[in-house]
J.: 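Let me give you the structure first, and then I'll get to my questions.
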Number of protein chains: 2
Amino acid sequence: METKALIGALSALAHESRLGIFRLLVEQGPEGLPAGEIAARRRLANANASFHLKELAQAGLVKPIPAGRFIYYAANYKTMNDLVDYLTKNCCQGGVCDIACAPVIKRKRK
Amino acid sequence: METKALIGALSALAHESRLGIFRLLVEQGPEGLPAGEIAARRRLANANASFHLKELAQAGLVKPIPAGRFIYYAANYKTMNDLVDYLTKNCCQGGVCDIACAPVIKRKRK
DNA sequence: TCGAGGGTTCTATTATATTAGAAATATGGA
DNA sequence: TCCATATTTCTAATATAATAGAACCCTCGA
């Protein structure tokens, strides 16, 4: 994942509405939810939710799944994982990690 | 970690200069680096680096460590871990995770 | 106490993002 | 075909962030 894409993803998540939508979809699972349902659950105007979903989609964090006149949106777990990996990789030059980045280590050790 | 703080952290990272600084400090380890050294390595004007370091500090992602007339900055690994945990927690309602979020699972299983 | 080095703050300019509301597109059923 | 539903696109107003440069503050050593 390139820097540009990473910044796009972080930027997309750095907003109350979009972070809320993303978390909703992460918890929801791969089936996703239709745009209208997302807007309703997050209490957003449809146009506004659509705008934010587009941003998330462009950042690769969610993907649209058309189904008749509904458009389902689902979290893109690969992007999420790439992002998390990028943020935490190579920490502490491999040295003092056991102290400083203990939780990271715990995650990384399988 | 509250939503406001999370958005602050994501927002702080969603910028080329700041992401670069943060990654530099994550790799550097808990001793950190002095502000001038950070500016030099990231090829930033001092005033500009100072501005971005302040943003990162306010977001809790780095912390200043004064040492004489130097100010060292070090990554705050706790915030990094909180952020990563928040983004990935409760995914897929605990159900289909083995397929969709495999890497997340791998990280979480100790 | 004075000067240099190391950082930060202030100001103004420019660029970018967010929001709401209206209009537009597309699908499926009567 | 026509209408209602589901969603997106457009437009304009408003708010927020990034940058450069100048001025400022603090610490150390002569």
Side-chain angles (χ1 to χ4, degrees), chain A residues 3-25 28 31-76, chain B residues 3-25 28 31-76:
Chain A
T3 306
K4 276 261 182 181
L6 286 158
I7 289 167
L10 287 163
S11 189
L13 291 173
H15 186 283
E16 189 180 5
S17 301
R18 290 192 295 264
L19 183 59
I21 290 173
F22 179 71
R23 283 295 308 158
L24 173 64
L25 294 180
Q28 181 63 29
E31 325 80 35
L33 288 171
E37 176 73 15
I38 294 169
R41 290 219 205 166
R42 302 302 314 166
R43 306 231 172 90
L44 296 169
N46 281 2
N48 198 8
S50 181
F51 168 78
H52 290 306
L53 282 166
K54 197 175 91 180
E55 299 268 304
L56 286 167
Q58 278 175 346
L61 285 163
V62 306
K63 53 195 165 195
I65 306 169
R69 51 183 164 163
F70 293 83
I71 300 183
Y72 282 73
Y73 282 89
N76 186 345
Chain B
T3 306
K4 277 261 180 179
L6 286 157
I7 290 168
L10 287 164
S11 189
L13 291 173
H15 187 282
E16 189 180 6
S17 302
R18 288 192 294 261
L19 184 59
I21 290 172
F22 179 71
R23 283 295 308 158
L24 173 63
L25 294 180
Q28 181 63 28
E31 325 78 39
L33 289 171
E37 176 74 15
I38 295 168
R41 290 218 205 164
R42 302 301 316 166
R43 307 230 171 92
L44 296 169
N46 281 2
N48 199 7
S50 182
F51 169 79
H52 290 307
L53 282 167
K54 198 175 91 179
E55 299 268 306
L56 287 167
Q58 279 175 346
L61 286 163
V62 306
K63 53 194 165 196
I65 306 170
R69 50 186 163 163
F70 292 82
I71 300 183
Y72 283 74
Y73 283 88
N76 185 345

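Keep in mind it's a predicted model, so treat the numbers as computed, not measured. Residue numbers begin at 1 in each chain, while the letters A, B, ... track the order of the sequences. These numbers come from the heavy atoms of this one structure, side chains and all, not from hydrogens, waters or symmetry mates.
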J.: Please determine, for the side chain of B/Ser50, which listed nucleotide (C/dT9, C/dG28, D/dT7) has the closest atom?
T.: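 Of all the options, the side chain of B/Ser50 is nearest to C/dT9.
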J.: Separation of B/Glu16 atom CD from D/dT19 atom P, in whole Å?
T.: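 Result: 9 Å.
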J.: Using atom CG of A/Asn46 as one end and atom C1' of C/dA22 as the other, report the distance to the nearest whole Å.
T.: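 Distance, rounded to whole Å: 14 Å.
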J.: Do A/Arg41 and A/Leu33 have side chains that approach each other closer than 4.5 Å (heavy atoms only, starting at C-beta)?
T.: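 Answer yes - side chains close enough.
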J.: Can you tell me how far P of C/dG5 sits from CD of B/Glu37, to the nearest Å?
T.: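 It is 17 Å, rounded to the nearest whole Å.
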J.: To the nearest 0.5 Å, how far apart are CG in A/Leu56 and CG in A/Leu19?
T.: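 Answer for the CG-CG pair, A/Leu56 versus A/Leu19, is 9.0 Å.
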J.: Name the closest nucleotide to the A/Ala47 side chain, picking from C/dT19, C/dA22, D/dT27.
T.: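 That would be C/dA22.
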J.: Is there a side-chain polar atom (N or O) of A/Arg18 under 4.0 Å from OP1 or OP2 of C/dT18?
T.: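 Affirmative; the distance criterion is met.
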J.: Could you state the atom-to-atom distance from CG of B/Leu13 to P of D/dA17 in whole Å?
T.: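 B/Leu13 atom CG is separated from D/dA17 atom P by 15 Å.
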J.: Look at all strands and tell whether A/Ala45 reaches a base, only sugar-phosphate, or nothing, counting heavy atoms closer than 4.0 Å.
T.: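 A/Ala45: no heavy atom of the nucleic acid under 4.0 Å.
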J.: Below the 4.0 Å mark, does C/dA17 have OP1 or OP2 next to a side-chain nitrogen or oxygen of A/His52?
T.: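 No, A/His52 has no side-chain N/O under 4.0 Å of OP1/OP2 on C/dA17.
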J.: Without swapping roles, check the side chain of A/Asn76 against the backbone of A/Lys63 for a donor-acceptor pair under 3.5 Å.
T.: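 Here the side-chain-to-backbone pair does not exist.
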J.: Looking at C/dT18, I'd like to know if its phosphate oxygens (OP1 or OP2) sit under 4.0 Å from a side-chain N or O belonging to A/Asn48.
T.: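 No.
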J.: In whole Å, what is the span from the CD atom of A/Gln58 to the P atom of D/dT9?
T.: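 Roughly 9 Å, once rounded to whole Å.
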J.: Just how far, in rounded Å, is P of D/dA4 from CZ of A/Arg69?
T.: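 Checked: the CZ to P distance equals 12 Å.
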J.: Let me know the distance between CG of A/Leu33 and P of D/dT7, rounded to the nearest Å.
T.: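 After rounding, the reported distance stands at 11 Å.
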J.: Are the side chains of A/Leu25 and A/Leu61 in touch, meaning some heavy atoms are under 4.5 Å apart?
T.: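 Counting from C-beta outward, A/Leu25 and A/Leu61 never come under 4.5 Å.
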J.: Check the distance between D/dT5's P and A/Phe70's CZ and give it to me in whole angstrom.
T.: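 About 11 Å, once rounded to whole Å.
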J.: Ignoring the backbone of A/Ile71, work out which of C/dA4, D/dT7, C/dT9 is nearest its side chain.
T.: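 Output: D/dT7.
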J.: Mapping A/Ala49 and B/Phe51 onto DNA chain D by nearest heavy atom, which one lands closer to the 5' end?
T.: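 Here A/Ala49 is the residue nearer the 5' end.
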J.: Nearest nucleotide by nearest heavy atom, which residue falls closer to the 5' end of DNA chain C, B/Pro34 or A/Ala14?
T.: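 Counting from the 5' end, the first nearest nucleotide belongs to B/Pro34.
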J.: Between D/dA18, D/dT7, C/dT19, which one does the side chain of A/His15 approach most closely?
T.: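 Closest nucleotide among those given: C/dT19.
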J.: Could you tell me whether B/Tyr73 contacts a base, only the sugar-phosphate backbone, or nothing, with contacts defined as non-hydrogen atoms closer than 4.0 Å?
T.: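 Counting heavy atoms under 4.0 Å across all strands, the contact made by B/Tyr73 is with sugar-phosphate only.
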J.: So do B/Glu37 and B/Gln28 actually touch side chain to side chain, heavy atoms under 4.5 Å?
T.: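 No - every pair of side-chain heavy atoms lies 4.5 Å or more apart.
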